[in-house]
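Any value given below was found using the heavy atoms of this structure, including those in side chains, with hydrogens, waters and symmetry copies removed. In what follows, chains are A, B, ... by sequence order, proteins preceding strands, each numbered from 1.
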Protein chains: 2
Amino acid sequence: MPERYHDEIRRLPLFSDLSDESFISLLQGAYVQNFPPQITLIDEGDTSDFLYILVSGAVEMFSTWNGRETSMDTIRPVTTFILAATVKDAVYLMSARTVEKSRLILLPSENVRRIFETDATFAKCIVTELAQGYRSIVKTSKELKLRTSLERLANYLLREQARGGGGAAEFDLPMEKRRLASYLGMAPENLSRAFKALQPYGVEVAGSRITINDEADLRAFAKPSPLIDDASI
Amino acid sequence: MPERYHDEIRRLPLFSDLSDESFISLLQGAYVQNFPPQITLIDEGDTSDFLYILVSGAVEMFSTWNGRETSMDTIRPVTTFILAATVKDAVYLMSARTVEKSRLILLPSENVRRIFETDATFAKCIVTELAQGYRSIVKTSKELKLRTSLERLANYLLREQARGGGGAAEFDLPMEKRRLASYLGMAPENLSRAFKALQPYGVEVAGSRITINDEADLRAFAKPSPLIDDASI
DNA sequence: CAGGTCACTTGATAAATATCAAGTATTGAT
DNA sequence: ATCAATACTTGATATTTATCAAGTGACCTG
């Protein structure tokens with residue numbers, strides 16, 4: 001693997017505290033690969049051969065059952081994914097595909113498990129990463145069970161606005177609407193109607209451009225809660 | 001804390017590999033407490049002061065938002081809960097209450113974090129536990145998004161049947177129906193109707209007693225998948 | 001820039017699910 | 001055992017959400 005990637009992934013919280021020795025050992029046999037959009041990287045049910053690191057582009061995690069499909073998450077760089085399957089040496093529970101041209105690093109799962117066994121620092125970083133991931137999906141589950149689709153959309157928009165920093169009134173949706181609909185657990189048609197239904201609360205939609213004209217009004221409807229909507233806790 | 005509990009919790013995968021020294025240190029300041037039913041142990045949003053171990057009884061994890069409540073999980077002995085909040089030193093994302101007379105061990109979160117920092121073995125056990133918990137809730141999320149409430153009930157019944165071992169045709173629901181309804185993400189009235197709707201597939205209900213007359217028939221409807229329904233992967 | 005593909009929207013309808021308002025069982029306490 | 005409280009069930013209705021069927025609009029691609 002070219003050295004120029006070392007720094008970039010070294011900065012990830014998962015690897016930053018690692019000894020140089022462990023880090024080098026972890027990268028043995030790792031390689032960088034570029035993918036066009038819409039390429040399936042992982043099929044759920046397959047055994048975990050690699051830990052993936054997204055360096056650029058975007059990757060969708062999704063799952064299927066009985067002919068239905070749902071979007072579970074969209075990964076943005078620079079992030080590792082499917083860590084839990086890797087450390088457990090278990091099959092993947094989610095599939096993954098690129099949504100745009102993407103560059104990934106593939107770390108042999110074996111390496112991850114070996115360093116995990118021998119390097120206490122790495123084990124600690126993995127704990128932090130897994131605990132974060134666990135809490136993140138707990139919030140998602142709470143949202144699915146406690147909110148209607150309209151409420152989920154309203155809160156999603158507020159989160160996206162906050163993520164842009166500052167709280168600018170305008171921002172672009174980071175994904176296609178049909179994928180957003182699936183992520184929020186609704187049919188694409190209903191996402192269209194849900195956007196309409198948020199107009200009275202000051203939400204304007206023009207293509208992928210969202211304008212929140214009256215944040216206070218939208219918040220009054222959405223009733224965001226840190227225990228569901230705050231990514232940092 | 002009385003010594004007689006040591007063996008019992010020592011057997012938990014989370015603690016079994018721990019050195020005696022670490023184990024003793026972990027238990028400093030821990031105490032055993034008995035609770036009657038319907039006592040709130042944890043309010044979501046509170047800071048994580050203890051790691052809980054359920055020794056006997058049953059505990060419901062639940063969450064609320066905007067006046068609504070949903071049951072997230074029911075903990076059975078002997079199990080630890082809210083590990084993620086403890087190791088991250090973060091607020092609890094779920095509330096907890098006893099559903100019957102229960103005995104719990106409360107381990108100061110501080111201890112957990114201290115031993116986690118100093119004992120590599122413990123860190124590794126925490127990784128396993130968290131990875132398991134993460135994968136478990138991923139399955140739950142998939143089920144919520146991919147299945148209708150009737151399908152969720154059918155698969156739940158098959159899982160419960162399998163959990164009893166052997167695959168006996170009869171078993172008792174391990175919780176009240178209203179709580180089961182909330183856990184499965186449906187109104188109690190709809191759970192009643194869903195049971196009725198499963199009659200054609202050989203499901204008989206008498207109080208909390210469930211009889212599955214034709215497992216093959218029910219499976220043909222439920223279409224269970226290991227990637228959602230198998231707790232062991 | 002023309003044409004085709006595909007995402008998105010809109011309207012109509014159907015299905016799933018929740019709510020409300022009775023009832024009927026079951027449970028627990030005295 | 002009796003009574004009250006509470007869980008559960010059932011029916012009627014309302015709401016939410018999905019599906020189907022046209023459209024319209026955006027974005028490639030040649």
Problem - Nucleotide D:dT24, atom C1' - distance to NZ of A:Lys177 in whole Å - result: 13 Å

Practice task
For the residue pair A:Ile82 and A:Ile42, establish whether any side-chain heavy-atom pair is separated by less than 4.5 Å.
Solution key: yes

Exercise for the section: Taking atom types as modelled, find out whether B:Glu44 and B:Thr64 have a side-chain donor-acceptor pair closer than 3.5 angstrom. Expected result: yes

Handout entry: DNA chain D contacts among residues 180-191 of chain A, heavy-atom distance under 4.0 Å
Key = A:Gly185, A:Met186, A:Ala187, A:Glu189, A:Asn190

Handout entry: Any pair counted as ring-ring contact (aromatic ring centres under 6.0 Å, His included), so long as it reaches residues 204-233 of chain A, sequence neighbours left out
Key = A:Tyr201-A:Phe221

Practice task
Check ring pair (Phe, Tyr, Trp, His ring centres under 6.0 Å) between A:Phe81 and all other residues, then give those that pass, not counting sequence neighbours.
Solution key: A:Tyr52

Exercise for the section: Would you tell me whether A:Ser141 and B:Ser141 have side-chain atoms, one donor and one acceptor, within less than 3.5 Å of each other? Expected result: yes

Fill in the blank from the handout: In whole angstroms, the gap separating C1' of C:dC8 from CG of A:Leu173 amounts to 13 Å

Fill in the blank from the handout: So, with a heavy-atom separation below 4.0 Å from DNA chain C, the residues of residues 138-161 of chain B are B:Thr148, B:Ser149

Exercise for the section: Please report, rounded to the nearest Å, how far the P atom of D:dC27 is from the CD atom of A:Glu176. Expected result: 12 Å

Handout entry: Test item: side-chain donor near acceptor, B:Asn213 and B:Glu204, under 3.5 Å
Key = yes

Exercise for the section: List the steps and the verdict of side-chain hydrogen bond (donor to acceptor under 3.5 Å, both in side chains) for B:Arg103 and B:Tyr5. Expected result: CA-CA 11 Å; B:Arg103 176 168 302 173; B:Tyr5 293 110; 2.9 Å; yes

Handout entry: Near-strand residues of residues 64-76 of chain B, defined as heavy-atom separation under 4.0 angstrom from DNA chain D
Key = none

Exercise for the section: To the nearest Å, give me how far apart CE (B:Met175) and P (D:dC8) are. Expected result: 12 Å

Practice task
Mind calculating the distance between CZ (B:Arg178) and P (C:dT19) to the nearest angstrom?
Solution key: 14 Å

Handout entry: Pairs meeting criterion side-chain hydrogen bond (donor to acceptor under 3.5 Å, both in side chains) with involvement of residues 71-82 of chain A, two or more places apart
Key = A:Glu60-A:Ser71, A:Thr74-A:Arg179, A:Thr80-A:Glu129

Problem - Interatomic distance, A:Arg193 CZ vs D:dT15 P [rounded to whole Å] - result: 17 Å

Exercise for the section: May I ask you to verify whether the side chain of B:Arg179 and the base of D:dT6 hold a donor-acceptor pair under 3.5 Å? Expected result: no

